Amino acid sequence: MSTVVIVGAQWGDEGKGKLVDFCTEFADMVVRYAGGPNAGHTLVVGDDKLIVRLIPSGILRQQTRCVLAQGMVIDPAVLLSEMDELDRRGLSPATRLIVSDRAHVILPFHITIDTLRETTGKGGPRLGTTKRGIGPAYEDKAARRGLRIGELRDLSKARRLIEEMIAAWTPTMRALGAEPPDADGIVKELEPLAARIIPLIAETSSLIDDAICKRQKVMFEGAQGTLLDVDHGTYPFVTSSSASAAGACAGSGVGPTCIDSVLGIVKAYSTRVGGGPFPTELTDAIGEKLREDGAEFGSVTGRARRTGWLDLPMIRYAARVNGLSGLAVTKLDVLTGHKELKVCVAYDTPQGRTEDLPIDLLDVATPVYKTLPGFSEPLCEARSLADLPANARAYLDFLESSSGVPLAMVSVGPRRSETIVLTSPFAPHPAPGAKTSRWARSSS
Ligand code: GDP
Ligand code: IMO
Ligand code: MG
């Protein structure tokens, strides 16, 4: 198996960064294909912690080339500050980073518009965005007037495009109480940033294809999560990109037949940051305990994440729309200390009971729960399923059988070592004792 998509199965923050970092020990290339600095992927190595927002989570691996592909929206200032941070840590990212000439540029007024929409409430429903300019930048892309990274090579052309964008946004900005910015000022600020980014620019689709043709190990790193996908998520409370697995093809320019497997990252409970329906949300002491034990505070914005029970109809939905071939369950250790664990298995809706996710009825749907026994033992030392207490095993078994997707990995802590591997995405054969799975079989 040489090409794997890693995708969040819920509302983001499932632990994708940890799993990508873990799985890329032998990877040749990691590709971010969607989103921008709204992502916050946490990498923990020993006592060191690093949060990457634009740069792929493979960057800690010296042999791994990291691609920011054309499905992304990139804030040049954020990219360079992340690179500087990595440089300070002695990681020399510039030698391994490649930025697509077709990725779109987030400009300062995108951030202003995103922020004003959120703070004034004048831009439709308050979504609780990350205020990083994501929505407005994708709006310019869809309107076919966006500025692409490759155009940083010709700042006079970039200036013309920026003027067009400003003209198009002027009525919106005035309605939000802001004056349109001056294109010259923006170009002046871009100039030194562009000079540093230009050497990293390439046509990345062919580079990825080249790596795949050489049977190199390529990982596509999803950002956000399936339920935040603009097509498949809880619209309109979504982000503006194709966060699900299909986005890996659209956002990086490889065909679907090039993808060998899709690993879905499932947090052992649910979280959501920002607005929108969340039927299994817990606003009581149990929810607070999950937040405290799981350190559920946004890695980009610091906002407290909303917490709740695991939603199995959601995981089945994510399995279907992503074509998941394996599951990696994260943060199982956070469930330690609960007498019982509830899991949503179905929904009661005005149209009756369903085991599917009633995605457009989540506001009026009531979760139907199954209660499983909890466990009190800490799990962070577990390195095999056999090391887990029986009730933790039973929780995983129930998740695996109800989702219909084989379990591939279990994460029991933020560190690399705190991982149970059943089938490793890049291992040529299943690990000893691993279950046979559709995911594992596809490697043979
Ligand atoms: P991402 O956006 O999907 O990469 O996830 P985030 O990095 O935003 O949030 C996941 C958080 O959980 C980070 O602080 C990780 O260090 C942490 N984490 C990841 N896996 C585990 C785990 O198995 N157990 C615990 N306790 N923390 C984890
Ligand atoms: P990672 O990759 C969790 C949420 C925001 C908001 C909605 C739209 O770390 O899992 P946006 O700024 O994208 O326009 O906000 O999407 N959101 C995330 N929630 N994890 C993320 O990324 C997110 N990226 C966006 O909170 O509800
Ligand atoms: Mg995150």
Side-chain angles (χ1 to χ4, degrees), residues 6-22 32 34-45 48-54 56-57 72-73 75 106 110-111 113-115 117-118 123 125-139 221-230 233-241 243 264-269 271-278 290 292-303 305-306 328-336 378-380 382 409-420:
I6 281 204
V7 68
Q10 294 149 309
W11 279 298
D13 301 326
E14 296 91 348
K16 298 175 293 293
K18 174 198 159 157
L19 263 298
V20 171
D21 171 57
F22 178 83
R32 264 282 305 269
N38 47 349
H41 296 179
T42 313
L43 319 177
V44 180
V45 182
D48 271 351
K49 177 167 150 179
L50 176 71
I51 296 173
V52 284
R53 291 163 56 186
L54 284 167
S57 301
M72 292 187 73
V73 286
D75 180 332
I106 298 178
H110 292 136
I111 299 170
I113 294 161
D114 192 5
T115 305
R117 280 173 173 168
E118 285 294 317
R126 272 205 183 90
L127 304 177
T129 73
T130 58
K131 300 182 189 157
R132 300 297 187 237
I134 306 297
Y138 277 117
E139 284 171 60
E221 175 179 358
Q224 290 77 54
T226 307
L227 275 295
L228 289 173
D229 182 289
V230 67
T234 46
Y235 193 89
F237 295 95
V238 293
T239 189
S240 301
S241 66
I265 315 299
V266 177
K267 197 181 281 191
Y269 48 96
T271 62
R272 172 164 211 172
V273 56
F278 184 175
L290 287 174
E292 288 304 317
D293 293 351
E296 296 295 355
F297 298 91
S299 31
V300 174
T301 59
R303 289 178 291 177
R305 295 175 183 151
R306 300 156 69 191
V329 176
T330 59
K331 304 190 94 161
L332 187 66
D333 54 298
V334 174
L335 294 183
T336 290
L379 307 187
C380 59
M409 292 185 194
V410 182
S411 173
V412 291
R415 293 182 177 79
R416 286 174 178 167
S417 58
E418 293 166 328
T419 313
I420 298 172

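Order of listing sets the numbers, starting from 1, for every ligand and every atom in it. Side chains included, hydrogens not; waters and symmetry mates left out as well; all remaining heavy atoms used. Predicted model, so just to flag it, every value in this text is computed and none were measured.
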Does [X] come within less than 4.0 angstrom of ligand 2, counting non-hydrogen atoms of the residue?
X: Lys16; value: yes
X: Gly40; value: yes
X: Gly8; value: no
X: Val238; value: yes

Heteroatom count (protein N, O or S) under 2.8 Å of the Mg ion (ligand 3): 2

Heavy-atom cut-off of under 4.0 Å around ligand 1: list whichever protein residues fall inside it, by chain and number.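 Within the 4.0 Å shell of ligand 1, which is judged on heavy atoms, sit Asp13, Glu14, Gly15, Lys16, Gly17, Lys18, Gly40, His41, Thr42, Val44, Ser299, Arg305, Lys331, Asp333, Val334, Ser411, Val412, Gly413, Pro414.
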
Considering only heavy atoms, which of Thr239, Ile51, Leu228 lies nearest to atom 17 (N) of ligand 2? Leu228

Sorted by first residue and then second, give each side chain to side chain donor-acceptor pair (under 3.5 Å) pair with at least one member in residues 35-45; sequence neighbours left out.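 Output for this query lists Asn38-Gln224, Asn38-Thr239, His41-Glu221.
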
With distance as the sole criterion, is a donor-acceptor pair present between the side chains of Thr330 and Lys18 under 3.5 Å? no

Pair up each side-chain donor or acceptor in residues 127-135 with any protein partner under 3.5 Å, not counting sequence neighbours, and list the distances.
residue: Thr129; atom: OG1; partner: Asp114; partner atom: OD1; Å: 2.8
residue: Thr129; atom: OG1; partner: Lys131; partner atom: N; Å: 3.1
residue: Arg132; atom: NH2; partner: Val300; partner atom: O; Å: 3.1

Which atoms of ligand 2 are found less than 4.0 Å from any heavy atom of Trp11? 3 (C), 19 (N)

Kindly confirm or rule out an N or O of Arg132 lying under 3.5 angstrom from an N or O of ligand 2.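 No; every N/O pair is 3.5 Å or more apart.
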
